[in-house]
Visitor: 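Take a look at the following structure, please.
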Amino acid sequence: AAALAAALLVILGIPHPALAGAPITTAIYTADPAALVVGDTLYVYTGHDEAPTGGTNFVMRDWHVFSSTDATNFTDQGAKLSISSFPWAGADAWAAEVERGADGKYYWYVSINGNGPGWMNIGVAVGDTPTGPFRDAIGGPLISDSTPNSSPLNIDPTVFRDDDGQVYMYWGSYYGLRAARLNANMTSINGSVITPSGVSNFWEAPWMFKRNGVYYLAYAANDSGCSQPNYACIRYATASNPLGPWTHRGVVLDQVSSTTNHPAIIEYKGQWYMVYHNAGAPGGGNFRRSVTIDKLYFNADGTMQKVVQTSG
Ligand code: FUB
């Protein structure tokens, strides 16, 4: 009945926040996607929602890797990283992202609860292939509350490699966006942690990429200019320098059926996509989310058109 209602809304041209995209899987609930293209394959790294029906908190213990060669059909390669991979941590396998190092290895940056004074931290795992096996790369957090100028909440890392090989990491939440250069070893910060400027209404979930020499930062915002209270939309900013200053450009995805959202924007086989999550799968909810993928289009001036949430 929900699908029929959604189809009717599309036919009538009525926008509806609960309109769901097609989940990449309905076997489990997934959230917080990050995307990486390696050769012919699109990898999507996700969190894993395990809250019971009606649950009111996140229950997240591991991260999965999905692969696809057509951006439509995805294979779950399994839970390739979990809280137990980090002996110093103990809970909350929140948003994460994978980036390739200059050494050809794959570095998986995760938000994770250290079960200590630092609460949320950013940890790093490393593996020889996009699907692992992965192991803790440091033996402790890369970013914790003891990191100078660290964010109010150390979550949601996005890691970006520039054309000159320099790698940058952005992270943060609760209006605290932070950025830093990473060293070539991918496991230490180079220089100081900065607070980038111009990222209007930043809430969480940054995703950085580059197109035609322009840097883009998409992120979740939850201001009344774009979403109902407690819901997020995805805004974005652009810059000519990887550490900013940034210029806010608008909303690229309206709110979805889950309160949170988390974008990954990537070009694959000549088509741009946004991977994000909603509550659209059967039995879904704010803590039982589903990763979905839709096409994304740029205007001639480099601005992004709003992503249309599809049902297929
Ligand atoms: O999934 C847990 C947290 O909710 C993530 O770290 C945020 O991006 C939000 O999606």
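Whatever order the structure lists them in is the order used to number ligands and atoms, beginning at 1. As a basis for the values below, the full set of heavy atoms in this structure was taken, side chains included, without hydrogen atoms, waters or symmetry mates.
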Visitor: Below 4.0 Å, non-hydrogen atoms only: which portion of His48 touches ligand 1? Side chain, backbone, both or neither.
Guide: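 Answer for His48: neither.
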Visitor: Between Ala31 and ligand 1, find which residue part has any heavy-atom pair under 4.0 Å and reply side chain, backbone, both or neither.
Guide: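 Contact part for Ala31 vs ligand 1: neither.
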Visitor: Keeping Trp207 on the side-chain end and Ile265 on the backbone end, is there a donor-acceptor pair under 3.5 Å?
Guide: yes
Visitor: Can you list the atoms of ligand 1 that are under 4.0 Å from a heavy atom of Phe58?
Guide: 2 (C), 4 (O)
Visitor: So, regarding His262 and ligand 1 (criterion: nitrogen or oxygen to nitrogen or oxygen, under 3.5 Å), is there a contact or not?
Guide: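 Yes, since at least one N or O of His262 sits under 3.5 Å from an N or O of ligand 1.
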Visitor: Angle class for the Trp272/Phe209 ring planes (parallel below 30°, perpendicular above 60°, tilted otherwise)?
Guide: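 Because their plane-to-plane angle lies in the 30° to 60° range, the rings of Trp272 and Phe209 count as tilted.
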Visitor: Test your reading of the structure: does Asp156 have an N or O sitting under 3.5 Å from an N or O of ligand 1?
Guide: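 Yes; at least one N/O pair falls below 3.5 Å.
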Visitor: Pick, from Asp49, Val110, Leu153, Asp32, the option with the minimum heavy-atom distance to atom 2 (C) of ligand 1.
Guide: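 That would be Asp32.
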Visitor: Do the two ring centres, one from Trp246 and one from Tyr219, sit under 6.0 Å apart?
Guide: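 They do not qualify: ring centres at least 6.0 Å apart.
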Visitor: Mind telling me whether His277 and His262 have parallel, tilted or perpendicular rings, with 30° and 60° as the class edges?
Guide: tilted
Visitor: Give the atom numbers and elements of ligand 1 that come within less than 4.0 Å of a heavy atom of His277.
Guide: 10 (O)
Visitor: Do me a favour and list the nearest non-hydrogen protein atom to atom 9 (C) of ligand 1 with residue, atom name and distance?
Guide: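 Minimum-distance protein heavy atom for atom 9 (C) of ligand 1 reads Glu204 OE2, 3.4 Å.
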Visitor: Can you confirm, on distance only, whether ligand 1 has an N/O atom lying under 3.5 Å from any N/O atom belonging to Asn261?
Guide: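 Asn261 vs ligand 1: no N/O contact under 3.5 Å.
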Visitor: What is the ring orientation for Phe134 with Trp108, classed by angle as parallel under 30°, tilted 30 to 60°, or perpendicular over 60°?
Guide: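 Rings of Phe134 and Trp108: perpendicular, over 60°.
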Visitor: On a heavy-atom basis, which atom in Asn57 and which in Ala51 lie closest, and how many Å separate them?
Guide: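 Asn57 and Ala51 have their closest heavy atoms at O-CB, 3.6 Å.
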Visitor: Quick one: which residue pairs count as a side chain to side chain donor-acceptor pair (under 3.5 Å) with a foot in residues 86-105, not counting sequence neighbours?
Guide: Trp88-Asp136, Asp92-Asn113, Glu97-Thr158, Arg100-Tyr106, Asp103-Tyr107, Lys105-Asp128
Visitor: Check each atom of ligand 1 against the heavy atoms of Met60 and keep those under 4.0 Å away; list them by number with element.
Guide: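 Atoms satisfying the 4.0 Å criterion: 1 (O), 2 (C).
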